[in-house]
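Shown next, in structure tokens, is the structure this report addresses.
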Protein chains: 2
Amino acid sequence: MNAEVAISSLRQVAPFPGLLREPAPTLRDVFVGKVAETHAAGEALIFEGDVAGQVFEVVTGVLRAFRILPDGRRAIMGFLYAGDVIGVSHYDRYLVTAEAITEVKVRRMPRSRFFAEVNDSQTLRPLLFALLCEGMTAAQDQMLLLCRKNAEERVVSFLLSVHEKSAVGAMIELPMGRLDMADYLGLTIETVSRVMTSLARRELISTVGRHAVNLRKLSALRRISGEDEGADGDFERAATRRAVWPQ
Amino acid sequence: MNAEVAISSLRQVAPFPGLLREPAPTLRDVFVGKVAETHAAGEALIFEGDVAGQVFEVVTGVLRAFRILPDGRRAIMGFLYAGDVIGVSHYDRYLVTAEAITEVKVRRMPRSRFFAEVNDSQTLRPLLFALLCEGMTAAQDQMLLLCRKNAEERVVSFLLSVHEKSAVGAMIELPMGRLDMADYLGLTIETVSRVMTSLARRELISTVGRHAVNLRKLSALRRISGEDEGADGDFERAATRRAVWPQ
DNA sequence: CGTCACTTTGAAAGCTTTCAATAGGAGTGG
DNA sequence: CCACTCCTATTGAAAGCTTTCAAAGTGACG
């Protein structure tokens with residue numbers, strides 16, 4: 001498990017993950033020596049609006065980070081996996097609530113110490129910078145998805161992104177429930193369910209229980225996701241749909 | 001104009017802008033001495049996918065930063081105002097295309113030098129960090145908007161966010177066209193237009209030409225935006241709409 | 001003052017949501 | 001170990017909001 005974690009963490013930072021074999025420094029190095037604490041599924045580690053005193057590193061398990069509108073509507077900003085860090089911001093309050101989806105193990109440290117250590121280290125600093133850039137890129141991908149993709153494209157894009165994170169053949173795990181997926185993709189639970197059913201009926205995927213999916217036709221799924229260049233697809237439509245962009 | 005710019009730039013960085021009176025260091029200090037270049041409306045400064053060799057600082061004017069799906073659908077990730085910086089990332093390619101909406105003046109420098117200078121400066125480094133955090137927060141606000149708000153809430157939220165950036169009474173300027181607003185808010189141009197018309201008919205706003213709006217009833221608009229706590233509103237609905245969140 | 005591009009408005013269609021009911025899984029207790 | 005119960009997921013039908021298609025209106029600019 002630890003090796004897997006290290007690899008996934010590496011990929012976030014190294015431009016060419018395949019080229020790296022020996023252990024490279026990662027942000028998680030700041031947390032060495034801290035004891036890992038365990039939280040049960042459903043527990044919240046931090047609450048939106050609370051004073052942001054601590055920074056956490058996910059060692060094991062998956063969390064959801066979300067914000068809630070006053071009337072109760074929830075939007076999940078992202079899912080946190082091993083190697084991810086929560087609570088990094090220059091605001092004095094947490095911007096999201098982070099809740100365990102599965103049982104999780106995390107290590108924590110005071111935010112002030114975290115920043116001091118990272119700031120003093122010539123090797124750690126670029127890693128924090130890279131982490132923030134990764135986060136920004138993920139956020140932009142998500143904005144593109146929410147802004148311009150339909151329900152099927154959203155679900156397929158999500159499945160593929162999970163696949164990229166944890167590529168073990170064509171099998172992916174979905175620790176989160178359908179409601180989490182819906183609140184992440186800007187859909188309702190029913191729509192997510194319908195899309196999944198439809199994909200399965202077309203044999204593009206097959207569900208294995210509620211929390212695992214077999215991506216049976218990856219290339220077809222990539223085409224559906226909306227981000228495929230359509231190498232074999234119709235070039236015409238792509239060129240004529242919208243006149244590139246207005247001046 | 002310069003004074004205005006400095007103020008808006010300060011707000012982005014200082015936790016308590018009201019407390020600062022004398023010139024504080026800002027990221028733009030890196031660009032002093034660089035000549036400002038002018039670009040006409042419609043011109044692109046950087047292209048998504050191009051090698052990211054340069055970092056730009058907006059001196060004057062407004063730009064749009066966007067990504068495009070293979071079939072031509074466009075999503076605007078954000079609008080860039082004076083004091084904003086483009087091209088900062090640890091990827092070697094630009095992630096977005098940045099196009100001038102109005103005539104703009106920018107200052108540029110090689111990315112490598114930008115990073116070297118920021119990295120060497122004890123005062124500049126936290127400013128870059130703050131900039132990234134600001135960007136992350138804006139992205140999360142946008143994800144919440146795109147994920148869970150309806151058309152009217154989106155448009156009103158946008159108008160209010162512009163108002164916060166450039167509060168000059170109740171008047172705001174919208175240098176971008178309706179299509180830009182639509183591609184930023186995940187709507188169509190027609191829907192944006194309809195919402196604007198509806199708001200005007202209800203006298204919550206009044207449009208002044210195409211590029212200026214008078215926010216006539218700010219508190220009502222805040223209530224509509226979806227983010228209002230509803231101090232005077234019905235507390236019941238907020239509490240019962242969704243059972244907080246599922247375990 | 002005419003042209004062109006952008007915006008507004010209308011009507012119909014479509015996709016997603018809402019409401020409702022059934023089905024399925026996981027955990028608990030007998 | 002199996003039955004029961006509860007929570008989550010799936011499915012169906014109708015409603016609703018936004019989009020699409022189409023046309024008229026408005027403003028900027030040469």
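So you know, we letter chains A, B, ... as the sequences are listed, proteins then strands, and number each from 1.
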Discussion item. Treating E164(A) as the side-chain partner and S161(A) as the backbone partner, does any N or O pair qualify as donor plus acceptor under 3.5 Å?
Written reply: no
Worksheet item: Atom CE of M181(B) and atom P of dC6(C): how far apart are they, to the nearest Å?
Response: 16 Å
Item to complete: Using whole Å, report how far CZ of R201(A) lies from C1' of dA9(D).
Response: 15 Å
Discussion item. Checking S198(B) against R202(B) for the side chain to side chain donor-acceptor pair (under 3.5 Å) test, could you report, in this order, the C-alpha distance in whole Å, the side-chain angles of both residues, the deciding distance, and whether it holds?
Written reply: CA-CA 6 Å; S198(B) 163; R202(B) 288 183 277 160; 3.2 Å; yes
Discussion item. Looking at T191(A), I'd like to know whether one of its side-chain N or O atoms comes within less than 4.0 Å of OP1 or OP2 on dT17(C).
Written reply: yes
Item to complete: Using a cut-off of strictly less than 4.0 Å, decide whether R210(B) has a side-chain nitrogen or oxygen near OP1 or OP2 of dA28(D).
Response: no
Discussion item. Test your reading of the model: is there a side-chain donor-acceptor pair from T137(B) to the backbone of C133(B), 3.5 Å cut-off?
Written reply: yes
Fill in: Polar side-chain atom of R67(A) near backbone of A75(A) as donor-acceptor pair, under 3.5 Å
no
Worksheet, complete the sentence: Separation of dG10(C) atom P from E190(B) atom CD, nearest Å, is 14 Å
Discussion item. By the 4.0 Å heavy-atom rule, please label T197(B) as base, sugar-phosphate, or nothing.
Written reply: sugar-phosphate
Worksheet item: Nearest-Å distance, CG (L174(A)) to C1' (dT8(D))?
Response: 14 Å
Worksheet item: When only distance counts, do a donor and an acceptor, one from the side chain of E152(B) and one from the base of dC17(D), lie under 3.5 Å apart?
Response: no
Response to the item:
Taken to the nearest whole Å, CG/L179(B) to C1'/dT8(C) is 14 Å
Worksheet item: Rounding to a whole Å, what distance do you find between R178(B):CZ and dT26(D):P?
Response: 15 Å
Worksheet item: Can you tell me how far P of dT10(D) sits from CG of L187(A), to the nearest Å?
Response: 14 Å
Discussion item. I need the CZ-P distance between R194(A) and dT18(C), as an integer number of Å.
Written reply: 11 Å
Worksheet item: Does T188(B) have a side-chain nitrogen or oxygen under 4.0 Å from the phosphate oxygens OP1 or OP2 of dT18(D)?
Response: no
Response to the item:
dist L221(A):CG -> L160(A):CG (nearest 0.5 Å) comes out at 5.5 Å
Fill in: Nearest-nucleotide 5' precedence on DNA chain C, T207(B) against G209(A)
T207(B)
Item to complete: Return the nearest nucleotide to the side chain of S193(B); candidates are dT7(C), dT16(C), dT18(D).
Response: dT7(C)
